[in-house]
Amino acid sequence: MSTMVYAHRGASKHAPENTFPAFQSAFEMGAEGIETDVQLTRDHIPVLIHDEKVNRTSSGIGFVKDYTYEQLRKLDFGSWFSPKYTGTTILSLEEFLAWSSRKKLQLNIELKNNVIDYPELEKRVYDLLIKYKVAGRTTISSFNPASIERIKHIDRKLATALLTSQSKKGLVEYARELGANALHIKYRLLSEKLVAKCQEKDMAVRVYTVNKTAHMRKCFLLKSDAIFTDVPDRALQLRDSLFDL
Ligand code: G3P
């Protein structure tokens with residue numbers, strides 16, 4: 001099977017990350033999957049934003065956890081990227097799932113709980129996956145190993161991935177023991193040996209964040225299971241040209 005292309009935070013080179021225009025654009029480009037990040041508001045609503053603070057990607061300042069969802073909706077999440085996107089709002093996970101439930105897309109929901117370990121984030125996300133009937137095509141990933149274990153206690157069949165940017169002896173076995181089904185690695189950790197080890201242990205290996213042509217080529221040729229990229233259109237074009245589809 002060929003390497004799948006996931007749009008990282010949506011098509012985030014083309015539109016503001018983790019917003020509807022970025023997801024819609026990824027879908028229109030033909031990305032097979034979408035990766036997004038979840039944090040929790042003060043009133044416990046899972047929302048799509050990468051950072052713990054809203055400073056970088058909105059008109060506001062401060063921690064996501066200190067805002068209610070209604071307060072967050074008043075911020076502008078588009079104009080930092082381009083004036084063209086002025087007025088773009090934050091999305092809740094629920095809105096994203098309602099949209100994606102009608103699309104043929106794989107989903108990767110990254111729980112951003114390695115800095116702030118939000119209370120019951122796993123269960124709140126899981127309940128929405130069930131509500132929108134997308135659990136079968138979703139992978140939940142986290143840099144927080146305890147979170148992977150918690151998900152497995154909620155539903156051992158839900159696909160999970162341990163995220164890592166650090167090389168470590170016995171990494172694949174470690175992820176396996178946590179109950180993860182996949183390893184999501186930073187590009188510099190990718191090697192033929194690691195891919196072979198993952199295959200041997202029946203673990204998928206997906207690579208982030210792959211934006212350079214040479215790096216995409218390596219991922220495709222080593223047959224990693226997927227890449228996360230800000231430029232899914234370029235990745236799909238390269239993959240087609242390499243495999244002459
Ligand atoms: O989930 C893949 C990738 O997004 C992980 O790194 O820092 O972009 O969340 P980061």
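Each ligand, and each atom within it, is numbered from 1 in the order the structure gives. Please read these numbers as outputs of a predicted model, since none were measured by experiment.
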Indicate, as side chain, backbone, both or neither, the part of His50 found under 4.0 angstrom from ligand 1 when only non-hydrogen atoms are considered.
-> side chain
Just by modelled atom types, is the Asp230 backbone N or O under 3.5 Å from a matching donor or acceptor in the Asn211 side chain?
->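 Here the side-chain-to-backbone pair exists.
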Distance flag, aromatic centroids of His184 and Phe228, threshold under 6.0 Å | yes
Determine, using ring centers only, whether Phe23 and Phe96 are less than 6.0 Å apart.
-> yes
Should Ile151 and Leu163 be counted in the same cluster of Ile, Leu, Val, Met, Phe, Trp and Tyr side chains packed under 4.5 Å apart?
-> no
Counting non-hydrogen protein atoms only, what is the nearest one to [atom]? Give residue, atom name and distance.
{"atom": "atom 5 (C) of ligand 1", "value": "Glu110 OE1, 3.5 Å"}
{"atom": "atom 4 (O) of ligand 1", "value": "His8 NE2, 2.8 Å"}
{"atom": "atom 6 (O) of ligand 1", "value": "Tyr208 CE1, 3.6 Å"}
{"atom": "atom 2 (C) of ligand 1", "value": "Glu35 OE2, 3.6 Å"}

Which atoms of ligand 1 have any heavy atom of Leu163 under 4.0 Å away?
-> 1 (O), 2 (C), 5 (C)
Can you list the atoms of ligand 1 that are under 4.0 Å from a heavy atom of Lys112?
->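 Those atoms are 9 (O).
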Do any heavy atoms of [X] fall under 4.0 Å from ligand 1?
{"X": "His184", "value": "no"}
{"X": "Lys186", "value": "no"}
{"X": "Arg9", "value": "yes"}

Any luck finding a side-chain donor-acceptor pair between Lys157 and Asn181 under 3.5 Å?
->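 No.
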Before accepting this row, confirm whether a basic side-chain N of the pair Glu122/Arg124 lies closer than 4.0 Å to the acidic partner's carboxylate O.
-> no
Is the closest basic N to carboxylate O distance between Lys131 and Asp127 below 4.0 Å?
->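 Asp127 and Lys131: not salt-bridged.
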